[in-house]
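Here the structure is laid out as structure tokens; the discussion comes afterwards.
In what follows, chains carry the letters A, B, and so on, assigned in the order in which the sequence lines appear, proteins first and then strands, with residues in each chain numbered from 1. Values below: every heavy atom of this structure, side chains too, minus hydrogens, waters and symmetry copies.
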Amino acid sequence: MIALLASIGAATLGVLAAIGRLAIFTGQTISHLFRPPFYAREFGTAVLQIGYFSLPVVGLTALFTGGALALQIYAGGARFSAEAVVPQIVAIGMVRELGPVLVGLMIAARVTSSIAAEIATMKVTEQIDALVTLSTHPMKYLTLPRVLAATLVMPFLVAVGDIIGIYGGFLVGTERLGFNAAAYLQNTADFLTRIDIISSLVKGAVFGFIAALMGCYYGMNSDRGAMGVGRATKSSVQAAAILILIANFLLTGVFFSA
Amino acid sequence: MITLDNVHKTFGTNAVLQGVNLRVPKASSMVVIGGSGTGKSVLIKSVLGLVTPDSGTITVDGQDITTTDRDAFLARFGMLFQGAALFDSLPVWQNVAFRLLRGSLKRPKPEARDIAIDKLRRVGLAADVADRLPAELSGGMQKRVGLARAIAANPEIIFFDEPTTGLDPIMSSVINDLIREIVTEMGVTAITITHDMTSVRAIADNVAMLHAGKIRWTGPVEEMTEAGDPYVDQFINGRANGPIETVR
């Protein structure tokens, strides 16, 4: 019995310590935003890597999700003669939920893993130590530009995902399900509210922050060797995906609980 | 003068440094020898502040390293890492001029590039290497680029961590000669970590042997073979039999 309690206690302490370490890392990252120098070139590179080069995967994911959503809603709606709500449900589904969540998860898969592997490899090959000896703070040079870039570009990626997702639904709706194009667009525009769009973009920024932060955190805390890099990469994607889904639930509650 | 007084460092249950005392006189070349895993790298990383000792004092020119301005302190140092630790995403010249492109030593980009090319020439690399990426270079060339980066900002103190590991004997000899020339020419204080006894003889003014977390013996390189210490004798002659356990 005592052994069981001890193991529960040890596990609890471990979780609390991990939360504490992550909180300190987050605080340090944010604090560097207000202390010069700021590495603009690294920020620009991160914007390109995270934002521009993610556009194809975001676009394809959103396009096919929007199309599939239209088919599902049409088929499901037919059970109670509600096929006509396809434009409205595709719009609200993409903008409120699927757009930000799917883009967030895609970024977690593509960007978080890449950041974690890159920084972990730099740690294993002593490049992080080299940065320190060259009077350059690794958090300032590696972490802040990536986290800031992800936080700022993710709302744009989500907006692109939302638009392309709705377009996917529009294509399926008009080309396969027989909707009138003008009426489809009108219904979409009429149904979406400002809070739908704001919540989508805010979710994007939060998910971007989480995705890049997890990549940097696990990369910086990687163990030695190829196994250490692999474990850091895997753990970063798992943590980012789970935290994105939790944050999505909480933010949905904040925006739409009334 | 670099001074370590009673420096201790433990990782988990592994007591790596157990009271290290060492003096490195100004403008001299100290080589630290010792078996793998005896804490040689931890020793120089402690001086640089990359590893924080559990106890003990480290001073550079009489100033405790924990009380100095960090940027100004690090600006006095250059370091050649074991695997060169070049930044993969930057071309060679930007690796060499890294410190000259940002921070307190920042220079205009063309000037930084000229200095980088000059330092590359100093270590025997042609100017056309400057625009290549580190991954396009051989191990020996990467070490030379790392050496060029270490001397780019004309530091007062340079650390060399296993400078010849993984290199063929000819390239090792080239790197050893370069290090000796640079140390003499620039008048820097140098600490080199190596297992390679050829390097020790080529680079050192003084030698210190680290064993079981302490400095086992230290003295001028000329006295090393006559040290009269069985541990030093076994190590420098590479004997399997002796007081140093071969199974660790």
Side-chain angles (χ1 to χ4, degrees), chain A residues 14 17 24 28 31-32 35-50 53 111 114-146 149 215-216 219-226 228-229, chain B residues 11 41-42 44-52 68-90 94-106 109 112 134-135 139 142 145-147 149-153 155 157-162 165:
Chain A
I24 290 168
Q28 285 176 339
S31 76
H32 281 291
R35 287 184 285 162
F38 181 75
Y39 296 111
R41 187 174 175 273
E42 278 61 43
F43 173 73
T45 306
V47 167
L48 272 180
Q49 290 291 339
I50 297 168
F53 292 121
V111 174
S114 153
I115 291 174
E118 183 184 2
I119 294 180
T121 304
M122 287 184 77
K123 190 180 177 197
V124 168
T125 56
E126 295 187 303
Q127 291 178 53
I128 305 280
D129 285 346
L131 275 177
V132 175
T133 64
L134 293 166
S135 307
T136 303
H137 200 300
M139 294 282 285
K140 204 175 274 300
Y141 186 76
L142 296 173
T143 304
L144 180 64
R146 286 163 173 77
C216 294
M220 288 284 190
N221 291 289
S222 161
D223 293 328
R224 286 183 181 184
V229 175
Chain B
F11 295 98
S41 294
V42 174
I44 57 170
K45 285 183 178 179
S46 297
V47 178
L48 285 165
L50 295 171
V51 170
T52 308
T68 55
D69 173 64
R70 190 100 182 104
D71 282 349
F73 173 75
L74 287 170
R76 301 175 63 189
F77 283 85
M79 171 134 182
L80 171 61
F81 285 86
Q82 188 173 341
L86 301 177
F87 305 122
D88 309 326
S89 57
L90 300 179
Q94 287 190 25
N95 266 279
V96 175
F98 192 89
R99 193 173 239 160
L100 306 174
L101 290 167
R102 45 187 70 76
S104 58
L105 301 174
K106 188 171 181 177
K109 211 168 177 179
Q142 288 186 12
V145 174
L147 192 53
R149 185 173 69 182
I151 62 172
I157 303 162
I158 311 181
F159 291 167
F160 304 97
D161 188 359
E162 307 275 11
T165 297

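Counting heavy-atom pairs closer than 4.5 Å to chain A, the top residue among B:F98, B:F159, B:F73 is B:F98. Of the listed residues B:D71, B:D88, B:L48, the one with more heavy-atom pairs under 4.5 angstrom with chain A than any other is B:D88.
If you measure heavy-atom distances from B:L100 to chain A, you find no contacts under 4.5 Å at all. Proximity to chain A (any heavy atom under 4.5 Å) is shown, for B:L105, by neither the backbone nor the side chain. In this structure, no portion of A:I128 lies under 4.5 Å from any heavy atom of chain B. Residue contact with chain B, scored on non-hydrogen atoms closer than 4.5 Å, is absent for A:T45. Heavy-atom distances place the backbone of A:T125, and not its side chain, under 4.5 Å from chain B.
Two residues are said to be in side-chain contact when any heavy atoms from C-beta on lie closer than 4.5 Å; A:E126 and B:K45 meet this criterion. Taking 4.5 Å as the limit, some side-chain heavy atom of B:R149 sits within range of a side-chain heavy atom of A:L134.
Distance check: B:L90 CG to A:R41 CZ gives 6.0 Å after rounding to the nearest 0.5 Å.
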Q.
Checking A:M122 against B:F87 for the side chain to side chain contact (heavy atoms under 4.5 Å, CB included) test, could you report, in this order, the C-alpha distance in whole Å, the side-chain angles of both residues, the deciding distance, and whether it holds?
A. CA-CA 8 Å; A:M122 287 184 77; B:F87 305 122; 4.1 Å; yes

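Looking only at distances, no side-chain donor or acceptor of B:R102 sits under 3.5 Å from a matching main-chain atom of A:S135.
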